[in-house]
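Here's the structure we're looking at; comments come further down.
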Amino acid sequence: MNTEKRVRTRFAPSPTGYMHIGNLRTAIYTYLIAKKYHGDFILRIEDTDQGRYVEGAVEKIYDTLRVCGLNWDEGPDIGGPVGPYVQSERMGIFKEYAEKLVQSGHAYYCFCTQERIDEMHRQQKEAKVSNMMYDRHCRDLPKEEVDRLLAEGKPYVIRQKIPLEGTTTFHDILYGDITVENSTLDDQILLKADGMPTYNFANVVDDHLMGITHVVRGNEYLSSTPKYNLLYEAFGWEIPEYIHVEHIMRDATHKLSKRDGDAYFGDFVEKGYLVPAIMNYIALLGWAPKGENEIFTLDELVNEFDISGLSKSPAVFDPAKMTAINAEYIRRMSHEDFKKAAMPYIRQTVKREDADFDTLLEALQPRTELLTEIPEKVDFIDAVPEYSDELYFNKKMKTNAETGLEALKMILPVLESVEDWNAESVHTALFAEIEKQGVKNGWMLWPLRVALSGKAMTPGGGVELCAVLGKDESVKRVKAAIEKLTK
RNA sequence: GGCCCGUUGGUCAAGAGGUUAAGACGACGCCCUUUCACGGCGUAAUCAUGGGUUCAAUUCCCGUACGGGUCACCA
């Protein structure tokens, strides 16, 4: 990769809705390349399609990029030396450059009506034309004719005049040289009838004017890149380095989709994924680090990232792997951070104030993969849910409702006798009793867990639950369980 | 359909003309453990396919299959 010049990359989304996860990944790679080489990361809004503009979408882009820590050095909101950074505010520029191209013979006015184009497409389809392109009807209109139509005020577009013969080769850092026959390239529209540029044109002009050195974008642009190169050549501009990244798939044949609720950044935040974990995982989808570590903060990624680790084939999104990474992030949180993150979820099902939340959080943290699992995990704290006596049966512990009753009757006086109530004192007292009775730990503690929680799986065992619930509540629950089993 | 791109375990993937073909997630098993986890240890599982080139190919070349992308006054 050529880094002689100051590296400048850009993320150029269209304000057409929410932030797609694939788009976000492109933003991450784009950011990383800029930062890795101490260059500039630029945000540009490509809103040249007046019809697709979505209210609030620009703010959504800002918000997402910000919470992800992908801070831009130049952009619509903060300005910069080569603004404006919103394409609709640059209309005059594009028209001027399109006309330059007409003058130099690399583009031409086209007065074809939409009806004529539609009819042409219809006929091409009927004739089963394999490569449907504009038929170049206006390509060689005499100058006088063009001037006359222009003077009449006839609507027009400006099309790129692709060479009829020869080939065009472009270079991609990942894919190497790619060559195509010019005869397969369409005389694409550069300037639309409404005076707005197409993406294909605006993109080239802006990337040049903004001094972009490395163009990072989705692989769907691979096939139009030869046309971009022809444009750069027509202008006599230096061609940037291209890095096309493959798509993220739901499975081998489908892209992530809106319908499955797995396409947007916000979907995952809602599902309880931590933002750094999402970033970490999607960075890994289509890119492999050199070493064996897989957990990286954004800053660490800046150092670790290397273009050579990018993949040329599509990657299937694996929710299980992202969950595992999320769990790793949760485990690595400090107690305080976890508390801050988890309490709102605990509060969804726990209203009481007198529980020992620190003990609960300690038990919860290594058992939590997704924050959204928490409410269900702690929903027994306010009150024991309805449960079946079957729960007392545990093959490994050799317990059942009968032995459970026996154990709980032993436990009750022990708990009542504990003075200074905490996990340690309860543990000491209970284990003394276990030894005294000569029973297995589980024989005594499994029923305690059930009695306290009405669940087979809880954050922590009987001892921790005692500590969490407090003496009065624990004793009360054990008594209630004895009563329930006695009936 | 034309053109372009791709194909290493279930998934993400490293890798190199000669390797026991990494690692992670997942699965399974064992250990630890008062459950579930966490942690530890281990097992199974991969070079799409047919031809070349070569002493040697999963690695290089060609074809085939499969998959993806693109063929808009959308980006």
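A, B, ... follow the sequence lines: proteins, then strands. Residue 1 opens every chain. Values in this document were obtained by computation on a predicted structure and should not be read as measured data. Side chains included, hydrogens not; waters and symmetry mates left out as well; all remaining heavy atoms used.
A:Ala193 comes within 4.0 angstrom of a nucleotide base, judged by non-hydrogen atoms across all strands. Using a 4.0 Å heavy-atom cutoff across all strands shown, A:Asn394 reaches no nucleic acid atom at all. Using a 4.0 Å heavy-atom distance criterion, A:Gln365 is classed as making no nucleic acid contact. Within the 4.0 angstrom heavy-atom criterion, no nucleotide atom of any strand lies near A:Met133. Residue-level contact check: A:Glu46 touches the backbone only, with heavy atoms under 4.0 Å from sugar-phosphate atoms and none from bases. Contacts of A:Val450 with the nucleic acid, taken as non-hydrogen atoms under 4.0 Å apart, are absent. As judged by a 4.0 angstrom heavy-atom cut-off over every strand, A:Ala320 is placed among residues touching the sugar-phosphate backbone only. Using a 4.0 Å heavy-atom cutoff across all strands shown, A:Glu464 reaches at least one base atom of the nucleic acid. A:Cys466 comes within 4.0 angstrom of no nucleic acid atom, judged by non-hydrogen atoms across all strands. Within 4.0 Å of A:Ile178, counting heavy atoms only, lie sugar-phosphate atoms of the nucleic acid but no base atom. The residue A:His244 sits apart from the nucleic acid: no heavy atom pair falls under 4.0 Å. Counting any heavy atom pair closer than 4.0 Å across all strands shown, A:Ser311 reaches sugar-phosphate atoms only and no base atom. Within 4.0 Å of A:Ser14, counting heavy atoms only, lie sugar-phosphate atoms of the nucleic acid but no base atom. Here A:Tyr221 lies in heavy-atom contact (under 4.0 Å) with a base.
To the nearest whole angstrom, the two P atoms, one in B:G1 and one in B:G39, are 49 Å apart. Taking atom P on both B:G10 and B:C5, the two are 28 Å apart, rounded to the nearest angstrom. A distance of about 36 Å separates the C1' atoms of B:G69 and B:A44, rounded to the whole Å. If you take atom C1' in B:A45 and the same atom in B:C3, they sit 38 Å apart, rounded to whole Å. Rounded to whole Å, the P atom of B:U43 lies 40 Å from the corresponding atom of B:U53. Nucleotides B:U49 and B:U58 have their C1' atoms positioned 13 Å apart, rounded to a whole Å. Remark: the separation of the P atoms in B:U19 and B:C25 is 28 Å, to the nearest Å. Between B:A24 and B:G67, the two C1' atoms lie 25 Å apart (nearest whole Å).
Considering only heavy atoms from C-beta on, A:His244 stays 4.5 Å or farther from A:Leu174 through its side chain.
For A:Tyr242, the side-chain hydrogen bond (donor to acceptor under 3.5 Å, both in side chains) partners are A:Asn229, not counting sequence neighbours.
Nearest heavy-atom pair, A:Ala12 versus A:Glu46, reported as atom, atom and distance to 0.1 Å: CB-OE2, 3.3 Å. In terms of heavy atoms, A:Leu364 sits closest to A:Pro459 at CD1-CB, 3.7 Å.
Two residues, A:Val316 and A:Pro459, neighbour RNA chain B, and the one matched to the more 5' nucleotide by heavy-atom proximity is A:Val316. Mapping A:Lys128 and A:Ala315 onto RNA chain B by nearest heavy atom places A:Lys128 closer to the 5' end of the strand.
How far CG of A:Leu149 is from OH of A:Tyr109: 12.0 Å, rounded to the nearest 0.5 Å.
Chain A approaches RNA chain B over the interval B:G1 to B:A75, counting the first and last nucleotide 5' to 3' with an atom under 4.0 Å from its heavy atoms.
Note on ring orientation: taking the six-membered ring where Trp is involved, the planes of A:Tyr199 and A:Tyr228 are perpendicular (angle over 60°, cut-offs 30° and 60°).
Checked by atom type and distance alone, the side chain of A:Arg44 never pairs as donor or acceptor with a backbone atom of A:Gln87 at under 3.5 Å. Listed for the A:Asn131 side chain is a donor-acceptor partner under 3.5 Å among the backbone atoms of A:Thr184. Within the 3.5 Å criterion, the main-chain N or O of A:Gly404 finds no donor-acceptor partner in the side chain of A:Trp446.
Using a 4.0 Å cut-off between charged side-chain N and carboxylate O, A:Arg116 and A:Glu119 make no salt bridge. A salt bridge between A:Asp187 and A:Arg136 is present, with a side-chain N of the basic residue lying under 4.0 Å from a carboxylate O of the acidic one.
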Check your understanding: What would the secondary structure line of RNA chain B be in dot-bracket form, counting Watson-Crick and G-U wobble pairs under 3.5 Å, with [ ] for pairs that cross earlier ones and | for pairs with another strand?
Key -> (((((((..(((.....[....))).(((((.......)))))....(((((..]....))))))))))))....
